[in-house]
Each structure stands twice: as C-alpha cells, then as structure tokens.
Number of protein chains: 2
Amino acid sequence: MSALSTGRTSCKAGFPVARSAPAPSRRKTADGKSAAERPGGRASSRSSGSVTLSDVAKLAGVSPITVSRVLNRPELVTQNTIDVVREAIARTGYVPNLLAGGLASKRSRLVAAIVPTIASSMFAETVEALTDKLGESGYQVLLGLSGYPAIREDGLLDAILGRRPDGILLTGIMHSPATRQRLLAAGIPVVEIWDYTPTPIDTLVGFSHEKAGDAVARHLLGKGRRRLAVVGADDDRAILRRNGFRAALAGQGITDVPAVTVPAPGTLRTGRDGMARLLDGGARPDAVFCSSDIVAQGVLAEAQSRGISVPGDLAVMGFGDLDFAAYTFPALSTVRIDRRAMGRIAAETMLARMEDRGDIERVIDIGFEVIERAST
Amino acid sequence: MSALSTGRTSCKAGFPVARSAPAPSRRKTADGKSAAERPGGRASSRSSGSVTLSDVAKLAGVSPITVSRVLNRPELVTQNTIDVVREAIARTGYVPNLLAGGLASKRSRLVAAIVPTIASSMFAETVEALTDKLGESGYQVLLGLSGYPAIREDGLLDAILGRRPDGILLTGIMHSPATRQRLLAAGIPVVEIWDYTPTPIDTLVGFSHEKAGDAVARHLLGKGRRRLAVVGADDDRAILRRNGFRAALAGQGITDVPAVTVPAPGTLRTGRDGMARLLDGGARPDAVFCSSDIVAQGVLAEAQSRGISVPGDLAVMGFGDLDFAAYTFPALSTVRIDRRAMGRIAAETMLARMEDRGDIERVIDIGFEVIERAST
DNA sequence: CTGAAAGCGCTAACAC
DNA sequence: GTGTTAGCGCTTTCAG
C-alpha cells in the first residue's frame, strides 16, 4: 500500500539482567548491590531524605534564614558569611526544596505551557525557545499536551493550576468558558500564542490566521492562479486560514473554492488522500492551499502520481516552512512563521508580567511571510 | 545560495492596543478594566489568593483532613460525606495546592524528563508518549532541555532536583560523575532511554546503537555495497552507531571507511555540506550511512546535484525513520525506532518503580529495524 | 547585617 | 468513619 517495506533486520529482546558476574568495570553503580541500595529502593529512605536548610545552617554556624539569604538575596549578606555558607552547601550537597520555597513564598518559579502536541516541530520549537528563555531567569516549564482538539484542556488545567505556576502559556485563543474562568481566578499572567485577537485573556504573542489566508490568496492571485482549492485539517487555526483565504477570493469574485477537510493533525497520508478526494470530486485546481507543509507534501505526492506538473499546472502552498520542506521541495511555497521568536517573545512577555513591569505590550503580532519557491 | 527566496508578503507589527473603544463583544474579559483587575495584576491579591482545604472544610462542615481524604482516598469516607465535600469543592472552585501536598507527603507527582531537544520529532515523540502515559496516573512532566552536547545537564539537574520529582528520565547513558552522584543521592527512580547498557544507573529502556550500526553494515554488505562511508553528527549516540558500523566492516576486512563529522544536531545543510566534503575529499562511496534522516536528505540532495544516481550508484541510509522521509524519499533507507513505544514503556517502568512494584525489568531493549526502501 | 517566631497548605500518624 | 496534633522545608515579618 505504499513505497515502503522489504528487508528488515529486527532486533528485539528483554534483557532480564539477573547477571551476577559483572563486567570488570570499576563503575560504582555496577551490579552486586541489593534493590534497597538502588535509587528509589524501599529501604533507601535512610536519613529520611535530603539535606535541609537547617542542616546547612548548622554546619555553617549560622541561622537557617541566613542560608536562605545567601541563596536568594546574597546582597543582604557579608561576603564572609556567603563564603562560609557556600562551603557548607557544597559539603552537604544541599539542593533547595523548591516545593517548600514555593509554598512559603507563593512563587513557584514554574511556568506552564499548554500546546496541542510537540510531535511536530510546529509547537515544539516555540516551547523550546520559551523554555530556554525562561530558564535564563530561573523558571522551569511544566509541559501540558492538550491534543487535537483541545479536549483535555480543562482537566489539564486543573492539574497544572494545582502546581501554582507563576504564569501560563496557552496555544490559541479559543478556550472554554470554564477555562477562561479558572485562568482569571488563578490571577496569574496568561500568554496566548499562535493566534490573534485584540482582546486576549491577558496578553498575546501571535499572528492572524485570517490575514495569513488572505495573504496567500492574494499571492496566488498575483501569480495568475484562478482555480483555487483547499486541503486543510479541521483544527481551529487552519479553519481561520481557510476562511481568510476564501474571504479574499470572494472579494475578487471567486466563490467556487472546493475544499476538503482532513483530521488534525494533518499528515502526509491524509494530505495525499485529501488531494485524491479533491480531484476525484471533479475539481481541477491550479493552486491548492494546504493547512501545513506536511499536508502539502501529501498533496504534492498525489499530484505527481497523477502526472500533474508542479508548479507548472499546479501551485501548492503549505504552511509552517518546516526545515526539511525548504530544501526538498523547490515546488512548494509556504507561509513562514518565526516559531522560535514567538516562544522567545512569549517568554519575555511572561517575565515582564511576572515581574510586574509596567511597559508591557499586551498584544504582539509577530507576523508571517508568504514564501514563493515555485518559480525557482 | 539555495533554492529558496523570492516573493514574500511580510506582515509585521506590534499592535499597541491601547484601545478604549472595544468591539461590541460581550466578552467579560474585553477592555475597560484596569490593570489591577487583570490576571497577575499588582492589586489582584484580594482574598490573599486561592481557596484552601480549610475553606472547603468549613463550608462542608467537616475537618480539613476529611476533605483531603475525599480527594485522595475516598474509600475511607462515607458516600454522604463525599457528596457534601464535593459540593463544597465545586462551589468554591477549590484547586488543591500540589506544592503543599507534595511537601507534606513527600510525593510531588512530578516526573522530570531531560532530553537534548524537542525541536526534532526524534525525542519529542518519546516525551509525548511519556507525558500521555504518566498523565493517566496523575503525574506531570517537567521538561528539561539539555542541548547538544549535554553541557547544561548538571545545572539543569539541580534546578530539577529542587522540585523533588518522584522520578527522572534521562536521555542516554553518558553522564558526568557529578550527575550520577546527584541522581543516586536523590534516591528516586531513574530511567535512561535512547541508549543501551546492561548496567544502567537504575533502569533503562532503549536499544544498542552499536548494534544498529552493525546491523546497517551487514545490511549494506548484503546488498552488495562495498565502498562504505559515513556522514554523521558528533553526538554520542551517532558516534556509537558509527563505531558499530566500522567494527562490523572491519570484521569483513573493510577498514577504509571515510567519514565526515558534522555538528549535532545534524541538519539538511550540514548533511549536504558533509557529503560535499566527503566527495571532494576523493571518496567514491557506493553507500553512505548518515546519523539521521535529516542528514541523509542533505546527502541525497548533494548526490543528486552531482548526478549520482540513488540508489543505483549510491545507497543512502538514514536513521530514525521520520514520518516525512518515508513517503518522500523512496531512495532513502533508514533505521526505524519505535519512539513512542520507548516513551510508553519508560513511563510504565517509571510507574512500576515509583509504586515500588517488584516485578521490574531493569533493562529493556526495544530494538530497531533496518528499513530498505531503495529497491522499491 | 543577622536572627527568632510564625506560618504557607497540606498530609502522616495517631486518637476517638 | 472522622478528628487532632504535628510538622514537611522554606520564607516572611519584625527585632535587634
């Protein structure tokens, strides 16, 4: 049913590893120890767990609060005290308990990020940029995967809110009333990304999908294309793009825009199948707007298998400008989004809100670019 | 300098949005409210934050511990009490504070996952599967990105250990002595993934990269290839694969195996450049083993641009079996890893360890498959 | 610049 | 079945 298959060298096994004659390794963690000695082992809770602030304080001959200050506000402490305490920290291998710290200070230094998926680099790069940027300021990211559609969002949100994050990042602007309500009640900064509205819950870093659809329509019209069609996933933002696309075409008197919808997230296969359905339905487009580069590749594959010349007979427009697509498909035009910038700016916005700075742009449109590759 | 560029419709702007004449929307969150009313606003700390267990208890007319039991061990409570308490929870919109809970119970219900990156779907899918699976049992994932090379691992680890995760997942088996030490000291389950050793720190779910390299070598030899070469990234696991590859060839008397190394993570561009370097260096391989599908595509591109027929004159072997590659490059063979299974099994292993079950396989080899597509 | 006391919100252990 | 008493490990506030 496809171009794959054939020779495969399989190699599966569960290694019981009840080995008792260890390799001549000098590794301390090599065998020969009982389960109780391993991490997490039942009997491993000797000394009732980890070193505390008081332990360090005792060793350093100061009070616990001084140790706390050395860690969090060293400018309030003498250099000498700092040295002594640092020494004690190093000796004991003390790792501050952020749960306790967060509870006492009401600042968890945790930021939650809810995205549909990280399996495609679409959102993953944004999350990665966010994580990097927030990490520089001592924040960590709690990952929430809402799926397509964001059916799990409400449940996820409760689980996440329970950690008392200092901020929360959401993908998109469509949230259930319950979600909005809880978010408002939580009283923490909210950054919505990957979408646009002048009235976000709190702040927004994204771009308009309608505008993107509109821009693509104009672009294709400008290239002389007139028989436009759509192969798109049924996710909220893809639908917005399609709407913008259609609206722009309608403005030019083009109202017959065949469209097929595939389940989100779109894949090569569904893209290809979608194109097949489009063509089998009698459509003879000279341009197809796809909801992602991946879907576009499927469309491309189907077109090629039917002997349709791309971009000669057919322009294919993707979305996302995924890395691999750029090199590999000179025939594929696309819409470029600076996904890392979105994450970075979202982080900056979140930091500004968390530190309660005043100079905050509540809505930042990072824009997009329509990239034409068909002509090269 | 490539096949990209040309026509771009840019659309960038920062929308200041100091708008005061809101659209005729009925959204409660629309404009017209002061900063203090927004989430996270300075003056927003009315009622000193969120509802607590005691608030709920008061409303329900029971003691705090009873509310706690309803939430965590309902089997110890009368159905009637449960109903009353649930009602009070719903009325108040209570969200349990997991920081406090974690501190008191010494169970954070947090699992940390440290991977080099999630920008490629390589690790992202594993993390996603892990997140899904752990989520079913009420655990959340704290994401740590260690980068290439894992230079940030030690610092990251401290930040992460401070959250007192109930378990930790690490990519690879090569860790600094400090890392190993801290991990052992933490006394929590550790699952190492994406690699293989019979003596993991605690448990392991992965596969042998040497074996993979070995299998690829045998596969290519079996196809009649004799002039083998490598284009690989300088990451630990790619190097292991290369070593396994070379060792297998050496066993067959093939010792001249030209190899070029590119920085990790490999990209299309570096792959292509690497292939160029390989060829410019005088190598005339009839098969190239690449460290990833992405790199392999770059190699493919360079080969094609030089008029080398693939797979006729040259076999190209990737690694990872990324989705898009399967459809798009019938000439590209690869090594398939079930990344989601790895994440799922890692989650199961971790859960088993956290719940201290006895029947645990400490080392699970999930294997791989060499996929031949060149002949189709 | 340093410390003592109190308490963040929850759960473990033991009573009743 | 339910409540009481402590205390998790830290930071806040106020003294000195």
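So you know, we letter chains A, B, ... as the sequences are listed, proteins then strands, and number each from 1. Just so it is clear, the structure is predicted and the values come from calculations on it, not from any experiment.
Regarding contacts with the backbone of C:dG3, a side-chain N or O of A:S63 is found under 4.0 angstrom from either OP1 or OP2. Contact annotation: B:T52 side-chain N/O to C:dG9 OP1/OP2 distance is not under 4.0 Å. The side chain of A:T66 contributes no N or O atom lying less than 4.0 Å from OP1 or OP2 of C:dC1. Taking side-chain N and O atoms only, A:T78 has a distance below 4.0 Å to OP1 or OP2 of C:dT2. The shortest distance between the side-chain N/O atoms of B:T81 and the OP1/OP2 oxygens of D:dT2 is below 4.0 Å.
Note: CZ (B:R107) to C1' (C:dA12) measures 14 Å, nearest angstrom. With rounding to whole Å, B:L53 atom CG is found 14 Å from D:dT4 atom P. Rounded to whole angstrom, the span from the CZ atom of A:R109 across to the C1' atom of D:dC10 amounts to 15 Å. The nearest whole Å value for the distance from the CG atom in A:L103 to the C1' atom in C:dG9 is 5 Å. If you measure from atom CG of B:N80 to atom P of D:dG1, you get 13 Å, rounded to the nearest angstrom. Distance B:K106 NZ to C:dA13 C1': 14 Å, rounded to the nearest Å. Residue A:Q79 contributes atom CD, which lies 11 Å from atom P of C:dC1 at whole-angstrom precision. Residue A:R163 contributes atom CZ, which lies 17 Å from atom P of C:dG9 at whole-angstrom precision.
Pairs passing the side-chain hydrogen bond (donor to acceptor under 3.5 Å, both in side chains) check and including a residue from residues 159-171 of chain B, sequence neighbours excluded, read A:S50-B:R164, A:Q140-B:R163, B:S108-B:D166. Applying the ring-ring contact (aromatic ring centres under 6.0 Å, His included) test to every pair with at least one member in residues 165-194 of chain B, sequence neighbours left out, gives these pairs: B:F123-B:W194, B:W194-B:F207. The side-chain hydrogen bond (donor to acceptor under 3.5 Å, both in side chains) contacts involving residues 88-98 of chain A comprise A:E87-A:R91, where partners must be two or more places apart or lie in separate chains.
In this structure, the nucleotide among C:dC8, C:dG3, D:dT2 sitting nearest to the side chain of A:A104 is C:dC8.
Within residues 68-76 of chain A, the residues approaching DNA chain D are A:S68, A:R69, A:N72, by heavy-atom distance under 4.0 Å. Scanning residues 94-102 of chain B for heavy-atom distances under 4.0 Å to DNA chain C yields B:Y94, B:P96, B:N97, B:A100, B:G101.
Atom CZ of A:R107 and atom CG of A:N72 lie 10.0 Å apart (nearest 0.5 Å).
With sequence neighbours left out, B:T52 forms a side-chain contact (heavy atoms from CB on, under 4.5 Å) with B:S54, B:D55. Under the side-chain contact (heavy atoms from CB on, under 4.5 Å) criterion, A:E355 pairs with A:L351, A:R357, sequence neighbours left out. For B:A129, the side-chain contact (heavy atoms from CB on, under 4.5 Å) partners two or more places apart in sequence, or in a different chain, are B:R340. Every residue two or more places apart in sequence or in another chain that forms a side-chain contact (heavy atoms from CB on, under 4.5 Å) with A:L145 is listed here: A:V115, A:I118, A:L143, A:R152, B:E128, B:T131, B:D132.
Toward the 5' end of DNA chain D, the nearer of the two residues B:R164 and B:V77, judged by each one's closest nucleotide, is B:V77.
Checking side-chain atoms of B:D195 against main-chain N and O of B:G172 turns up no donor-acceptor pair under 3.5 Å.
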